[in-house]
Amino acid sequence: MKTDLTDTTSSKINAALMEARRASGSTAAGMVLTLVIVTDEGSAYDALRAANDASREHPSRTLAVIKRAGRSPRARAETRLDAEILVGSDAGSGETVVLRMHGELAAHAQSVVLPLLLPDAPVVVWWPENAPLHPAQDPLGALAQRRITDAVTAESPVGQLAQRAQSYTPGDTDLAWTRITGWRSMLAAALDQRPSAITSAAVEGESYNPSVELLGLWLHNRLHVPVERVVTNGPGITAVHLRTTDGDITLDRPDGLLGTLCMPGSPDRQVALKRRETSELIAEELRRLDPDDIYATAVRTPVERLKEPDTTGPAATAGATVEEAVEEAVAEETAAATAPDGGARKGAAKRAAKKAGA
């Protein structure tokens with residue numbers, strides 16, 4: 001059931017919701033929370049679709065806030081609220097209200113949203129794109145117990161992690177962290193099956209993907225070992241290597257669908273590590289409404305803690321050492337040939353040259 005209201009108010013929207021609920025045959029509201037989506041016209045369709053799919057697991061009242069301040073002075077001077085109400089099959093297992101705020105009303109969205117919140121129910125605010133610098137200080141974010149952002153949509157996704165660390169408030173979370181839940185679960189289970197002393201780790205993935213950095217920072221914090229960051233073509237995270245005293249534990253996912261877990265002394269196993277849709281990520285975040293302390297620890301760790309691949313590795317060092325030894329042996333042999341006791345020195349030079357060749 002769909003109802004359109006033009007130039008309306010919050011009280012009229014509440015009355016229309018009650019009427020739509022009675023018309024659909026449900027007099028009681030069975031929603032467990034209020035999900036506020038702050039978006040624009042370009043991203044509204046995808047965000048509402050993800051929220052509707054997530055509402056089948058978490059029945060909720062979804063309020064989509066679309067701010068349309070207007071480009072011309074006349075449009076900015078016009079203050080109007082338009083609403084689109086969806087109840088029933090069009091709104092998943094809850095209720096959806098699309099709020100389009102025109103003019104100066106766009107700067108006071110909290111005054112429209114506050115009367116529409118479900119009484120005695122938690123509030124979650126989600127910014128699919130263009131999240132504020134300080135979500136908890138945003139007028140809409142201040143109404144919520146949980147605030148969801150997505151660093152991957154920023155112009156500098158990895159740089160966005162520093163901003164999230166600076167502005168972190170208990171209740172904040174990011175979908176870049178939610179995307180690595182499967183990886184964290186599989187790696188923790190692998191170490192439970194085969195406890196070993198971890199000496200170092202390496203995380204491989206795309207260069208602009210903040211989930212790769214968060215996974216590396218999580219490993220660094222939990223294992224207290226150096227973690228190397230390796231750039232690949234993706235998609236997303238492609239592999240994690242845990243170097244132990246018994247051998248490497250490797251979780252490899254080159255195609256974004258199926259992963260392979262390799263452990264010393266055990267046969268390789270195929271594990272499900274499919275890249276999830278946004279609706280699944282939102283549904284996971286709505287399962288818990290308490291602060292995520294592990295995310296707080298990971299995001300507050302500077303990205304500089306991750307090491308870049310060492311291009312001057314043992315092979316390059318060994319090559320330089322051999323070259324230096326050969327040059328030294330040749331010099332010694334030349335000096336021995338011209339010295340008065342050339343026989344003994346020449347034998348020593350030959351032994352040095354043979355050692356350098358070995």
Side-chain angles (χ1 to χ4, degrees), residues 1-68 80-102 105-106 108-129 138-148 175 277-289:
M1 182 177 180
K2 178 179 176 181
T3 305
D4 290 326
L5 300 176
T6 304
D7 197 6
T8 185
T9 61
S10 297
S11 60
K12 293 181 180 178
I13 295 174
N14 264 322
L17 281 171
M18 293 290 295
E19 183 63 29
R21 199 179 304 137
R22 294 193 191 96
S24 62
S26 176
T27 56
M31 276 66 73
V32 298
L33 58 88
T34 303
L35 176 61
V36 181
I37 305 174
V38 186
T39 182
D40 53 20
E41 290 287 359
S43 305
Y45 175 80
D46 293 335
L48 285 173
R49 182 178 179 182
N52 289 343
D53 292 342
S55 70
R56 304 185 188 281
E57 181 178 344
H58 310 278
S60 58
R61 172 177 290 181
T62 302
L63 304 177
V65 177
I66 301 176
K67 301 179 180 181
R68 307 181 67 175
R80 191 177 80 249
L81 172 63
D82 297 335
E84 182 180 337
I85 300 174
L86 302 173
V87 178
S89 59
D90 295 331
S93 297
E95 302 171 344
T96 299
V97 180
V98 182
L99 302 171
R100 291 183 172 86
M101 304 178 186
H102 302 262
L105 187 61
H108 306 280
Q110 72 278 5
S111 62
V112 179
V113 170
L114 186 60
L116 300 177
L117 301 179
L118 291 172
D120 302 325
V123 180
V124 179
V125 178
W126 171 33
W127 290 271
E129 294 180 359
D138 184 81
L140 287 174
L143 303 175
Q145 286 75 37
R146 288 299 300 270
R147 294 162 293 275
I148 305 174
L175 294 186
E277 301 290 338
T278 305
S279 58
E280 300 176 72
L281 303 177
I282 292 297
E284 178 184 332
E285 284 298 334
L286 296 181
R287 290 182 195 134
R288 55 175 300 171
L289 299 177

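Because the structure is predicted, anything quoted here is derived from the model rather than measured.
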Ignoring hydrogens and geometry, is there a side-chain-to-backbone donor-acceptor pair from [X] to [Y] under 3.5 Å?
| X | Y | result |
| --- | --- | --- |
| R68 | D40 | no |
| D82 | T6 | no |
| T34 | L118 | yes |
| R146 | R288 | yes |
| Q145 | V123 | yes |
| D53 | E280 | no |
| H58 | A283 | yes |

Given side chains that start at C-beta, do those of [X] and [Y] come closer than 4.5 Å, heavy atoms only?
| X | Y | answer |
| --- | --- | --- |
| L86 | L48 | no |
| V38 | V125 | yes |
| R100 | K67 | no |
| V112 | M101 | yes |
| I148 | W127 | no |
| L116 | I13 | yes |
| L63 | L35 | no |

Atom [atom1] in [X], atom [atom2] in [Y]: separation rounded to 0.5 Å?
| X | Y | atom1 | atom2 | answer |
| --- | --- | --- | --- | --- |
| L17 | T96 | CG | OG1 | 10.0 Å |
| L81 | L5 | CG | CG | 8.5 Å |
| I282 | S55 | CD1 | OG | 12.0 Å |
| W126 | L140 | CH2 | CG | 15.0 Å |

Work out which heavy atom in [X] is nearest to a heavy atom in [Y]; give both atom names and the distance.
| X | Y | value |
| --- | --- | --- |
| V87 | E95 | CG2-CG, 4.4 Å |
| R147 | A144 | NH1-O, 3.1 Å |
| A121 | V32 | CB-O, 3.9 Å |
| L105 | R80 | CD2-O, 3.8 Å |
| Q110 | P139 | OE1-CB, 3.4 Å |
| A50 | S279 | O-CB, 3.5 Å |

Inset, instruction - Apply the side-chain contact (heavy atoms from CB on, under 4.5 Å) test between L143 and each candidate in V124, L114, D138, V36; give the one that qualifies. - result: L114
